[in-house]
Amino acid sequence: MARRSGRATSRCEEIQTHPRKMATSAVWLCLCLLFPSAEAGLYTASDQIVLLTQENVESILINSTAAMIVEFYASWCGHCVAFSPTYKALARDIKEFSRNVQDLRHKILDKLETHGEPWPPACPPLEPTSQMEVDVFFETNDVKHLALIFEDATSYVGREVTLDLLQFDSIAVRRVLNTEESLVTKLGVTEFPSCYLYYPGGNFTRLRVDIEARAFYSYALQRLPGVVRSGKPPPVSTELLKNNTEDPWRPFDKFRVYMADLESTLHYSLRVELGAQSVFQGRALTSLKAYISVLAKYFPGRPIVTNLLKDLNSWLQKQTGDRISYEAFKEKLENDAQSPNSTLPDGVRWVGCQGSQPHFRRYPCGVWTLFHVLTVQANSKGSDPQEVLRAMRSYVHNFFGCRECAGHFENMAAETLEQVTSLPTAVLWLWSRHNVVNNRLAGALSEDPQFPKIQWPPPDMCSACHAVKDNGEHTWNLTEVLKFLLTYFSSDRILTDYLESESQILEKQREKHASQQVVHIAERHAERRAREALDFRKHPLETEPTEQEEEEEKGGEVEEEEEGPQDETATEEEEEDEEDGLAGDMVGRSSEPTPWAKPEMELGRGRQQARRRPSFVRMRRDPQEDIVDLDSFVNQHYKAKALQMATSTRVKRRSLQRKEEQEPGPVFGLGMELGAGLGMVGLEPVDAGFDLDFARPRKRLQKRDVAGQYFGQEAELRHKGRLMSVLTIGFSKVDISLCVFLYFLSSLCLLVMYLFFKNRLRRRRPKISVP
């Protein structure tokens, strides 16, 4: 191709820097079809050179079976101008050469076989072998298998198979001509071509294949025990795979498809790959709808899975917005609405797609299997030949995790997808693209040694799918291939081994929903508590329940019983007369059955009292009620009563001053006093001059995690009161003074006794005289 472009020069240099490669050299020598540029420069059509233009470049180069040489040059380059006469002469000289790839391959083999220079050690000999060489072969070569291909002198099968197996270890291939009578007679060869396996000690056996051709020989020899691609680890034995405790090996039938693989693929696709998208919009949303639609129509799954896919598709098609969040999609996927008999099993369980290592096969194998199944199902149920293929193309383009793989698949689809015009051709198109990918990835690091990349189906799965042309070239029998695909991926042949029962899956779904509901309620309560704590820090005495809290608690709360008539009477008396109300309330409260119903007294401005009934979580409450915790409830209400009793005592003392002199009884920190009719309880007395305003209750106590947190003097006083109440319980000041005096006297007596006995022992100690 001649082109006036600076960048084309680099390609010309690239071609010229690799003449050392033997195959490339053969191409230059044997077959050349030249394409200079259409722009007038160094070449014209009369030079037997095809001029490439933007209009004809694709039709000439793409999908061509011819071997071509394209020249990139710059018309202003002096070297290119000097080379143009030679290039024209080469074009005229080889214009009659055959452009068939097979002919080119054979010419390359002839050139390699007659190579006159010293043969590199890594290159296998292509010339025929003899019996003498075969007898001593294992003495000089460390291989397990020696394949002898018997053929006539005009056959290229032996040399082609030799090059095919060049990248594999533990095997060697040699060709034997039918004229080597001693070896032919020893092995009893009667057919040409034919292949025999020769072992040390003169043992041999014939390699059985359906057709005596290159493709069948190569496939059968690559499957021999111990034969692996160079640089790849040997396959893991089945016994080791079965003993793997982390992911036990599951024996399977390679001639069947497993529903476990399909459901595992759906799980990973819908929960993992789609889960990587936070929002679906634009083309991604269109791709998602097409993908789910195809699954709902053609996925041949169990009823619980198909029901879920149909519900999911119905919900997606009803969405009219330009974006959908994955969270909303996940709610439908997980069936949070709990539709009956509708779920997708959680987790993966690979069977036919399992690999010898966790990073081999699995999900990629499952994706291919899934779409093969969908194309086969669409062949009998669908009407649009490209419906499944377009859905697969858009899914891979937008969501498939391997972006490089997605790019390769997009290129294949862009080139040939428009050629699909019928449902059977859709099945065959996906099969052929799958084989293209297998051919590209054969020998790559991602290839599983236990399951090497091959052209599928192999001869041992479908011998009728393979055929040989008259010239010995392998070809596919597309009619048989289509029959095999329609049978292999049929819904009637899908195995349900290794699957959990539907009842078990539904039970797990119910348990999952129940646990999620508990977690959701706990999270909602935690958020509410955090919100209340934040509000309390900002407004500690003015926090009121919000409407949202009222709605959250309204459904599960139970209304408390009304207060007794004594409370109502006490409240009326308090409103009429303060002093009489305090005294009457004191009498009325002494007969109340339980402290939980005791109201809280508030001593505020103007001595006005307001009663509020406490309630607990999950009980119905009025808008003025508070939610408190059990830790602070008793202390809070007993303290309120202590303050109430102290005030009541002072009122009675003022009212009875005319009759008799009465000293006020001590008031204690936990709300009880040492007075007539109440008995003696050992609590710390409160100073008579203490300010009682600290007992003014807050308008709202915080719930469980923030309730009971008091600030300032109130918290300090409560702590001190509790400590002293333990030290002074049941004793008066006189009792305490007497105890202290007795302890002091006892200590003094002990000291006197100690000094007395010490002095007496000192006097009785014997005196020793020295002579």
Student: For the atom pair OG1 (Thr265) and CG (Leu295), what is the distance rounded to the nearest 0.5 Å?
Tutor: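 That separation rounds to 10.5 Å.
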Student: Quick one, Val437 with Trp368, criterion side chain to side chain contact (heavy atoms under 4.5 Å, CB included). Give me CA distance, side-chain angles, the key distance, then yes/no.
Tutor: CA-CA 11 Å; Val437 174; Trp368 282 110; 3.9 Å; yes
Student: What pairs with Cys195 under disulfide bond (SG atoms under 2.5 Å apart), at least two apart in sequence or on another chain?
Tutor: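 With sequence neighbours excluded, Cys195 shows a disulfide bond (SG atoms under 2.5 Å apart) to no residue whatsoever.
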Student: Cut-off 3.5 Å, side chains only: do Tyr298 and Glu387 have a donor facing an acceptor?
Tutor: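 Yes, because at least one side-chain N or O of Tyr298 sits under 3.5 Å from a partner of the opposite role on Glu387.
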Student: Tell me, yes or no, whether the heavy-atom count around Gln281 atom CD, taken from other residues, nucleotides or ligands under 6.0 Å, exceeds 12.
Tutor: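 More than 12 heavy atoms, drawn from other residues, nucleotides or ligands, come within 6.0 Å of this atom.
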Student: Any side-chain heavy-atom pair from Glu418 and Gln386 closer than 4.5 angstrom?
Tutor: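 A side-chain contact exists here, since the closest heavy-atom pair is under 4.5 Å.
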Student: Which atoms form the tightest heavy-atom contact between Ile69 and Tyr87, and what is the distance?
Tutor: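 Closest approach of Ile69 to Tyr87: O-OH, 3.7 Å.
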Student: Start with the C-alpha gap between Val227 and Leu221, add the side-chain angles, then the distance that decides, and say whether side chain to side chain contact (heavy atoms under 4.5 Å, CB included) holds.
Tutor: CA-CA 8 Å; Val227 177; Leu221 294 176; over 6 Å; no
Student: Can you measure from CD1 (Ile211) to OG (Ser463) and round to the nearest 0.5 angstrom?
Tutor: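 Interatomic distance, Ile211 CD1 to Ser463 OG, rounded to 0.5 Å: 8.0 Å.
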Student: Report yes or no: does Thr425 contribute a side-chain atom to a donor-acceptor pair with the main-chain N or O of Ser422 at less than 3.5 Å?
Tutor: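 At least one qualifying donor-acceptor pair exists.
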Student: Does any non-hydrogen side-chain atom of Asp261 lie less than 4.5 Å from one of Cys365?
Tutor: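 A side-chain contact under 4.5 Å is absent here.
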Student: Kindly give the heavy-atom pair with the smallest separation between Trp431 and Pro457, and that separation in Å.
Tutor: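 Minimum heavy-atom contact is NE1-CD, 3.7 Å.
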Student: Using the six-membered ring wherever Trp is involved, compare the ring planes of Phe484 and Tyr488 and label them parallel, tilted or perpendicular (cut-offs 30° and 60°).
Tutor: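 Geometry flag for Tyr488 against Phe484: parallel rings.
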Student: Would you call the rings of Phe83 and His79 parallel, tilted or perpendicular, where under 30° means parallel and over 60° means perpendicular?
Tutor: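 Because their plane-to-plane angle is under 30°, the rings of Phe83 and His79 count as parallel.
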Student: Between OG1 of Thr179 and CG of Asp152, what distance do you get to the nearest 0.5 Å?
Tutor: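 Here the rounded value is 10.0 Å.
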Student: Please indicate whether Asn141 has more than 12 foreign heavy atoms, meaning atoms of other residues, nucleotides or ligands, lying under 6.0 Å from its CG.
Tutor: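 Yes, CG of Asn141 has more than 12 neighbouring heavy atoms, counting only those of other groups under 6.0 Å.
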Student: Salt-bridge test for Arg229 and Glu447: reply yes if a basic N is under 4.0 Å from a carboxylate O, no otherwise.
Tutor: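 Salt bridge present between Arg229 and Glu447.
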Student: Any heavy-atom pair between the side chains of Pro459 and Phe216 that's under 4.5 Å?
Tutor: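 Phe216 reaches Pro459 side chain to side chain.
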Student: Carefully, step by step, assess Phe400 and Tyr395 under the rule ring pair (Phe, Tyr, Trp, His ring centres under 6.0 Å).
Tutor: CA-CA 7 Å; Phe400 195 64; Tyr395 175 84; 7.2 Å; no
Student: Which atoms form the tightest heavy-atom contact between Thr129 and Glu133, and what is the distance?
Tutor: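 Looking at all heavy atoms of both residues, the closest pair is OG1-OE1, 2.6 Å.
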Student: Does this structure show an ion pair linking Asp110 with Arg159, if we count only N-O contacts that are shorter than 4.0 Å?
Tutor: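 A salt bridge links Asp110 with Arg159.
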Student: Would you say the side chain of Ile324 lies within less than 4.5 Å of the side chain of Leu285, judging by non-hydrogen atoms?
Tutor: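 The answer is yes, as the side chains (C-beta and beyond) meet within the 4.5 Å cut-off.
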Student: Let me see the working for Glu480 and His466 under side chain to side chain contact (heavy atoms under 4.5 Å, CB included), right down to the final yes or no.
Tutor: CA-CA 8 Å; Glu480 295 297 329; His466 300 264; over 6 Å; no
Student: Give the minimum heavy-atom separation between Val173 and Gly158, together with the two atoms involved.
Tutor: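 Of all heavy-atom pairs spanning Val173 and Gly158, the closest is CG1-O, 4.4 Å.
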Student: Side chain to side chain contact (heavy atoms under 4.5 Å, CB included) for Glu410 and Val396? Distances and angles first, verdict last.
Tutor: CA-CA 8 Å; Glu410 177 63 26; Val396 172; over 6 Å; no
Student: Step through the shown structure and confirm whether more than 12 heavy atoms of other residues, nucleotides or ligands are within 6.0 Å of NZ on Lys144.
Tutor: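 At most 12 heavy atoms, drawn from other residues, nucleotides or ligands, come within 6.0 Å of this atom.
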Student: Does a side-chain heavy-atom distance below 4.5 Å link Leu146 with Arg174?
Tutor: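 Side-chain contact under 4.5 Å: yes.
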Student: Cut-off 3.5 Å, side chains only: do Ser269 and Glu273 have a donor facing an acceptor?
Tutor: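 There is no such pair (donor and acceptor under 3.5 Å, judged by atom type) between the side chains of Ser269 and Glu273.
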Student: Does the SG of Cys77 lie under 2.5 Å from the SG of Cys80?
Tutor: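 Disulfide absent: SG-SG distance not under 2.5 Å.
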Student: Are Arg440 and Val436 close enough that some pair of their side-chain heavy atoms sits under 4.5 Å apart?
Tutor: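 Of all side-chain heavy-atom pairs linking Val436 with Arg440, none is under 4.5 Å.
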Student: Is any side-chain heavy atom of Leu266 closer than 4.5 Å to one of Leu370?
Tutor: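 Yes - at least one pair of side-chain heavy atoms lies under 4.5 Å apart.
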Student: Return the orientation label for the Trp429 and Phe409 ring planes: parallel under 30°, perpendicular over 60°, tilted otherwise.
Tutor: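 Trp429 vs Phe409 ring planes: perpendicular.
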Student: With no hydrogens and no angle check, just 3.5 Å: does a side-chain donor-acceptor pair link Glu415 and Asn411?
Tutor: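 Note: Glu415 and Asn411 side chains miss the donor-acceptor criterion.
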Student: How many angstroms lie between atom CG of Asn379 and atom CG of Leu428, to the nearest 0.5 angstrom?
Tutor: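 Between Asn379 CG and Leu428 CG, I get 9.5 Å after rounding to 0.5 Å.
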Student: How far apart are the closest heavy atoms of Gly355 and Arg361, and which atoms are they?
Tutor: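 Reported closest heavy-atom pair: CA-CD, 4.2 Å.
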Student: Keeping the roles fixed (side chain from Ser170, backbone from Val143), state whether a donor-acceptor pair exists under 3.5 Å.
Tutor: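 Not confirmed, Ser170 side chain does not pair with Val143 backbone.
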Student: Holding to side-chain hydrogen bond (donor to acceptor under 3.5 Å, both in side chains), I want the full list of residues that pass it with Lys254, two or more places apart in sequence or in another chain.
Tutor: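 For Lys254 the side-chain hydrogen bond (donor to acceptor under 3.5 Å, both in side chains) partners, ignoring immediate neighbours, are Asp460.
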Student: Do Thr53 and Asn56 have a side chain donor and acceptor closer than 3.5 Å?
Tutor: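 Result is yes, a qualifying pair exists.
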Student: Might you point out which heavy atoms bring Ser356 and Pro449 nearest each other, and give the distance in Å?
Tutor: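 Where Ser356 meets Pro449 most closely, the heavy atoms are OG-CD, 4.4 Å.
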Student: Where does the angle between the aromatic ring planes of Phe489 and Trp456 fall among parallel (under 30°), tilted (30 to 60°) and perpendicular (over 60°)?
Tutor: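 The arrangement is tilted - the two ring planes meet at 30° to 60°.
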Student: Is the Lys NZ or Arg CZ of Arg223 less than 6.0 Å from the centre of Tyr219's six-membered ring, within 45° of the axis?
Tutor: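 Yes - Arg223 lies over the ring of Tyr219, closer than 6.0 Å to its centre and within 45° of its axis.
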Student: By salt bridge (charged side-chain N to carboxylate O under 4.0 Å, His left out), which residues pair with Arg214, not counting sequence neighbours?
Tutor: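 By the salt bridge (charged side-chain N to carboxylate O under 4.0 Å, His left out) rule, Arg214 matches Asp164.
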Student: What is the distance from atom CG of Asp384 to atom NZ of Lys297, rounded to the nearest 0.5 Å?
Tutor: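 Answer rounded to 0.5 Å: 8.5 Å.
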Student: Checking Ser287 side chain against Arg283 main chain: does a donor-acceptor pair fall under 3.5 Å?
Tutor: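 No, because the side chain of Ser287 does not come within donor-acceptor range (under 3.5 Å) of the backbone of Arg283.
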Student: To the nearest 0.5 Å, how far apart are CG in Leu485 and NZ in Lys483?
Tutor: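 Interatomic distance, Leu485 CG to Lys483 NZ, rounded to 0.5 Å: 12.5 Å.
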Student: Are the side chains of Trp350 and Tyr363 in touch, meaning some heavy atoms are under 4.5 Å apart?
Tutor: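 They are in contact (side-chain heavy atoms under 4.5 Å apart), so the answer is yes.
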Student: Establish, from distance only, whether the side-chain atoms of His106 and Glu160 form a donor-acceptor pair under 3.5 Å.
Tutor: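 Per modelled atom types, His106 and Glu160 side chains form a pair under 3.5 Å.
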